[in-house]
Trainee: 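The structure under discussion is supplied below as structure tokens; questions concerning it will follow.
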Number of protein chains: 2
Amino acid sequence: MLLSKACVYGIRASLFLAARDAKGYISIRQMGEKLDISPHFLTKILQQLTEDGLLESYKGPNGGVRLTRSGEEITIMEIVKAIDGDKLLTECALGLPGCGVQKPCPIHEKWADAREGIRKMLEGTTLKEMAKKGKDLDLRLTADGGFDID
Amino acid sequence: MLLSKACVYGIRASLFLAARDAKGYISIRQMGEKLDISPHFLTKILQQLTEDGLLESYKGPNGGVRLTRSGEEITIMEIVKAIDGDKLLTECALGLPGCGVQKPCPIHEKWADAREGIRKMLEGTTLKEMAKKGKDLDLRLTADGGFDID
DNA sequence: ATAATTTAGGAGAATAAACTCTTTAAACCA
DNA sequence: TGGTTTAAAGAGTTTATTCTCCTAAATTAT
């Protein structure tokens, strides 16, 4: 699999946040229910995004999490890096120790090309853009198969 | 990770076979030692390739495995499919249940493009081609970091 | 025949990933 | 102050992957 489940959950939750019109905090429990992700697990995942500065959290009643920056400025790449790291974009596809530019493995170059495609996709896609498309076309995000946020 | 470890091991072993000048069987134990992969584990993995018809095996002294077809005709795609299946090329990147053409998720289209890059890489790379490049340039394949086969 | 070599097959251990539960800390409200 | 709501932190459980080991079956050599 390209992305870990934790990473996918993180993306979906971030997308959910970007799609919300409301600016305030929303609780992770609520999000978990909407997205059909265990709230406890989601808490763990979003903690990483908070540590990385992508989200900010607030405790107590009416607390929760929200995006620190506008959805236009946040790419999926940032979320992937925060959760899965950047091994997807740096590591050799055959995982040979020490494979690099000096002494590459036989598919190093071809894989580098394919990887660039992935990088472009991740870097070239903002949360807002995805959220807008999702809302306009009523695409699939939440557990019920729709894009209803509120 | 894009490919499972088992899959990477399968590719490296197949590449090893394609790079050999000798036509006969070679034991999995020998290959495992050269490639620094547990022979028992490698046996399990290569069984899948044998079941899939990519390899043929022979028991007894001087037995082992060999490619059924010429290395020119075998692409990495076939090995990946035999070991990891084709979920990498069919499943949605966000893994949403039921995501498809009719009701895609918001990154469905972009991911489809990136995925095509991966598919082209896997389908467009033959074992022989990799083996030749590996030998010519003495690239990295075996545990010692070289491409010495015999 | 008997022993040696090798793949096949399956059970099991070790590790990692995914997920759950409990406790703690912060913030709010009555 | 005391209770409620929420994220944070960490321990524990389950599941999947990776890897090891043992036995069986096939083939060869003596």
Trainee: Judged by each residue's nearest nucleotide on DNA chain C, which is more toward the 5′ side, B:T50 or A:S4?
Mentor: B:T50
Trainee: Starting from the 5' end of DNA chain C, give me the residue, A:N62 or A:A6, whose nearest nucleotide shows up first.
Mentor: A:A6
Trainee: Could you check whether B:I28 gets within reach of a base, just the sugar-phosphate, or nothing at all, counting any heavy atom under 4.0 Å?
Mentor: sugar-phosphate
Trainee: What is the nucleic acid contact for B:Y25, judged by heavy atoms within less than 4.0 Å: base, sugar-phosphate only, or nothing?
Mentor: nothing
Trainee: Under 4.0 Å between a side-chain N/O of A:K5 and OP1 or OP2 of C:dC19, yes or no?
Mentor: yes
Trainee: Rounded to the Å, how far apart are B:H40 NE2 and C:dA8 C1'?
Mentor: 11 Å
Trainee: B:Q48 CD to C:dA8 P: how many Å, rounded?
Mentor: 12 Å
Trainee: Tell me the interatomic distance from B:L49, atom CG, to C:dT7, atom P, rounded to whole angstroms.
Mentor: 14 Å
Trainee: Judged by atom type as modelled, is there a donor-acceptor pair below 3.5 Å linking the side chain of A:D84 to the main-chain atoms of A:S4?
Mentor: yes
Trainee: Could you measure the distance from the CG atom of B:L54 to the CD atom of B:E73? Nearest 0.5 Å is fine.
Mentor: 11.5 Å
Trainee: In whole angstrom, give the distance that lies between atom NZ of A:K59 and atom P of C:dT23.
Mentor: 17 Å
Trainee: Rounded to whole Å, please give me the gap between CD in A:E56 and P in C:dA26.
Mentor: 18 Å
Trainee: Expressed in angstrom and rounded to an integer, what is the separation of B:F41 atom CZ from C:dA13 atom C1'?
Mentor: 13 Å
Trainee: Compare side-chain N and O positions of A:Y9 against OP1 and OP2 of C:dC19 and report whether any pair is under 4.0 Å apart.
Mentor: yes
Trainee: Taking any atom closer than 4.0 angstrom to a non-hydrogen atom of chain A, what span of DNA chain D does the protein reach, first nucleotide to last?
Mentor: D:dT5 to D:dA11
Trainee: What is the distance, rounded to the nearest whole Å, between atom CD1 of B:I26 and atom P of C:dT6?
Mentor: 11 Å
Trainee: Nearest 0.5 angstrom please: B:T126 OG1 to B:I76 CD1, how far?
Mentor: 8.5 Å
Trainee: Report all side-chain donor-acceptor pairs from residues 41-52 of chain A shorter than 3.5 Å, counting only partners two or more places apart or in another chain.
Mentor:
{"unit_1": "A:T43", "atom_1": "OG1", "unit_2": "A:P39", "atom_2": "O", "d": "2.7"}
{"unit_1": "A:T50", "atom_1": "OG1", "unit_2": "A:L46", "atom_2": "O", "d": "2.9"}

Trainee: Round to the nearest Å and state the distance from A:K44 atom NZ to C:dA18 atom P.
Mentor: 14 Å
Trainee: Tell me whether A:N62 at atom CG has more than 12 heavy atoms from other residues, nucleotides or ligands lying less than 6.0 Å away.
Mentor: no
Trainee: Okay, side chain of A:K132, backbone of A:L127: is any donor-acceptor separation there less than 3.5 Å?
Mentor: no
Trainee: Would B:E56 and B:R69 pass as an ion pair if we require N to O under 4.0 Å?
Mentor: no
